[in-house]
Amino acid sequence: MNPDATPHSDTPRELPDDGRLDLFSTGSSLLRWIAVVLVVVLVAEVAARTVTARSAEEVRWYDAAAQQRIELLDERGDAVEVAFAGTSAAWQAFVPAEFEGATGRSSINVGLAGAIPTVTGPWLADEVAPRSSPDLVVWGLTPLDFAPEYGDQQDEAYRSAVATADGWLAGLDRLVSSTSTLVASRRLLRSPSDLFGSGEEQRASELAAAAATTGPDGERVDFDENFGPEEIAIQRSRLSNYAIDQRDVDAIVAAISQLQANGSTVVLVEVPVPDRFVQQLPRPEDDMAATQAAIIEIGASTSSDVVLMGDVFGDTNFVDSIHLNAEAASTTTRWLAHILDAVQVDEFDGGCGFVDVADDIGFITAVGVCRNDASS
Amino acid sequence: MIFNSVTFVVFLAIVLPLHWLVPPSRRNLVLLAASYVFYGWWDWRFLGLIALSTVVDFIIGQRLAAAVGERRRKRLLAASLCFNLGVLGVFKYFDFFLDGAVDLVNAVGLDSSGPTLGILLPVGISFYTFQTISYTFDVYRRRIEPTDKILDFATYVAYFPQLVAGPIERAQRLLPRVQDQAGRAMPRGRQLDRALSLILSGLFKKVVLADGVAPFVNEVFADPGRFSSLAVAAAIVGFAVQLYGDFSGYTDIARGVSELFGIDLMVNFRQPYLSRSITEFWRRWHISLSDWLRDYVYIPFGGNRGSSWFVARNLMATMLLGGLWHGASWNFVIWGAIHGVALVVHRFARAGRTPSGPVRPSQLPGIATTFAVWCVSMVFFRAQSVDAAFDVFAALARPSSGDSAIASVFLVVVLFSATIWLDLVQRRSADRGGDTTPSHGATTSAASKATETHSTLRPALTAGVMLVAVVVFSGGSPVPFIYFQF
């Protein structure tokens with residue numbers, strides 16, 4: 001407000017020039033202008049490369065573990081025959097070396113923490129399959145995969161990660177990033193703390209933690225016990241209002257369709273969960289049954305075999321309310337190898353039934369199996 | 001659709017060539033259609049409101065011109081004001097005043113919960129409503145002739161570069177430019193350079209200065225108690241940088257885009273953070289609003305006439321209304337009150353002297369004091385409530401114990417310095433009469449060539465640095481402009 005105005009000065013002012021900021025020169029000196037701008041950009045690119053060379057690597061994927069798994073996949077290439085996928089429950093449950101020992105098929109575990117189907121689907125179809133073309137994909141599922149109250153943050157994290165963001169602009173960004181450090185590392189460059197301070201330390205520790213909890217074939221090797229009440233409370237909140245979320249079903253079906261088109265066979269495995277976990281469901285028995293029914297239905301609709309191992313272990317075989325201990329993980333993997341073998345050599349008659357598996361002391365367990373894929 | 005989005009780039013890439021390809025008589029049709037698409041992108045339901053506002057003021061303008069008796073003219077003006085302020089009142093202030101009435105009823109001991117309608121605020125309503133009011137007012141005062149072409153008037157009201165966040169253009173200035181379709185020239189040479197310069201500087205201000213500092217500001221204002229007093233102070237300064245970068249960045253882009261259509265918009269900011277007094281500040285910050293308030297509120301109240309007490313009253317009333325214009329909340333009322341008091345104090349303390357001419361180092365205390373007053377008012381502007389604002393002040397006054405956030409404080413210092421540097425460059429140019437290029441006294445060809453090289457080098461270097469900065473600070477989801485909410 002201009003309080004110096006007089007009653008006779010109330011017409012819009014033709015203001016003096018606001019002070020030009022000349023930035024362009026599109027006339028006869030356009031080429032010179034472009035040359036200078038290019039030099040500035042080149043100098044900035046060199047500076048960016050110099051500065052970021054001393055900083056910890058930036059996490060461009062869903063998380064640090066996903067980033068390291070991509071490096072592993074790139075390293076292994078087409079040598080991978082079997083890929084295990086799913087949330088951390090599946091990541092911990094399947095031990096590739098165990099599977100390879102039982103079947104002779106080279107394996108890798110690409111499971112990710114919190115990777116519900118809307119994350120695992122595109123992860124398998126767009127990232128894993130193009131890099132390794134596995135013959136077989138084993139997708140481990142638990143009720144968490146279908147829980148409506150769980151996974152939105154993970155979904156957002158996957159879709160906003162630099163490497164997996166949606167849209168043509170994100171694609172262009174990745175394209176330019178592949179040649180320009182200035183573009184690729186701009187998130188670091190604009191934040192001093194991310195480049196040199198606490199952000200860098202946090203990034204370095206995330207990468208170190210991911211490396212420490214990932215085995216040589218990508219499997220999870222975090223067997224620290226955690227039975228605290230907080231852990232149970234977290235599961236309870238994730239499973240509140242439990243029902244089968246159709247978005248997750250659709251994501252699984254869509255991903256299987258893409259994987260099959262790529263030449264992969266998919267087996268859906270209901271991953272073992274402890275009773276401690278089941279009791280956190282609003283209607284424990286009904287909700288477990290609904291989960292099994294959903295997996296069976298997906299298997300039938302996509303011609304994928306289904307293995308139901310949800311209740312094969314007691315609470316003592318877990319390190320917390322969802323993750324298997326090392327011994328149980330090895331047993332699960334061996335049993336899975338046996339079941340898949342049994343199905344393939346036609347010991348299984350088709351439809352849904354049971355396959356007996358034996359543990360180290362000869363105790364027999366019947367595992368539910370649905371045979372839907374006639375080609376396997 | 002916001003300026004710093006891909007959607008807008010595509011929109012502009014379609015509309016701009018179309019505007020210049022159609023016959024001159026159809027250019028406003030293209031502009032109006034584009035403006036309605038631009039506005040409808042947010043919420044097509046509010047297109048009816050802007051169209052209604054256009055039709056009502058167009059008709060009243062026509063009737064004002066035809067009316068002979070002063071009484072009838074006053075009635076027509078009152079009808080326009082009732083309609084425009086009524087629309088603004090319902091959509092922007094209804095819930096605020098309803099809440100206030102409920103609080104009052106509760107304060108006298110009666111129990112009332114009162115219904116809150118939760119009315120959606122149409123984007124830019126404060127801007128285009130003030131524009132239509134000024135049109136009717138000026139027709140009433142016989143300062144302008146009403147237009148008899150509704151297409152021209154509708155284009156003036158809805159012109160998309162300035163529709164949602166100004167500048168608030170007067171019909172006296174913008175309408176002739178809109179009407180002169182054939183006279184519009186496709187920008188070339190210096191005019192094109194200027195348009196592109198404005199767009200780049202606007203992008204720099206928005207993407208680098210405003211969006212660069214925003215995450216830290218948001219973090220501190222969300223939980224000021226967690227941070228040290230240094231970090232809180234930096235966040236307050238950071239918000240001053242953010243608001244200026246955001247709003248003047250928007251204005252620069254709006255002006256640059258408008259120049260691509262051959263229409264120049266008014267200057268809305270003139271290096272406000274180099275102001276030597278609060279009075280000077282209000283001549284340099286959001287000029288189109290302060291001029292509007294001066295002409296349609298302050299002067300009708302009596303302006304500078306009368307006793308000191310009356311002038312002070314007029315200043316306070318104008319600034320309180322200016323605060324309320326920003327939003328229906330007590331925070332904005334307090335924000336306006338702070339500026340009203342500051343203007344009154346300055347008016348009586350300066351004894352009629354107003355600093356003018358180039359900025360000198362000896363004037364630094366005045367600049368710092370003005371900026372400090374602005375920063376204090378910024379706390380109320382940014383905080384979600386009055387209590388939240390006092391939480392910020394409490395965290396500022398408390399001995400340092402929280403998170404110092406040194407890296408973020410450093411970022412604020414860098415971006416604040418860049419803001420002041422931009423202002424200094426422009427102020428120096430303005431002091432020289434608007435030319436940042438070297439003097440053109442050289443006569444020999446060698447001297448002329450050296451001058452040309454020099455005149456290319458500095459713009460290109462500055463543009464290169466700005467482009468690099470925009471690249472570094474871009475990449476996230478586009479952040480909406482702050483003033484869109486007003």
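Letters go in sequence order (proteins before strands), and every chain restarts at 1. Heavy atoms only: backbone and side chains are in, while hydrogens, waters and symmetry mates are out.
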side-chain contact (heavy atoms from CB on, under 4.5 Å) with N268(B): which of D252(B), T251(B), I168(B)? T251(B)
Tell me, side chain or backbone of L169(A) under 4.5 Å from chain B's heavy atoms, or both, or neither? side chain
is_close_aromatic(W285(B), H339(B)), centroid dist under 6.0 Å: no
Distance-only criterion, 3.5 Å: show the donor-acceptor pairs between side-chain atoms of residues 160-168 of chain A and protein atoms not counting sequence neighbours.
residue: S160(A); atom: OG; partner: E156(A); partner atom: O; Å: 2.8
residue: T164(A); atom: OG1; partner: Y158(A); partner atom: O; Å: 2.5
residue: D166(A); atom: OD2; partner: R159(A); partner atom: NH1; Å: 3.4

Please determine, among G212(B), S134(B), A460(B), the option with the most heavy-atom pairs under 4.5 Å with chain A. A460(B)
At a heavy-atom separation under 4.5 Å, does L467(B) approach chain A through its side chain, its backbone, both, or neither? side chain
State, without any angle test, whether S197(B) and D193(B) hold a side-chain donor-acceptor pair at a distance under 3.5 Å. no
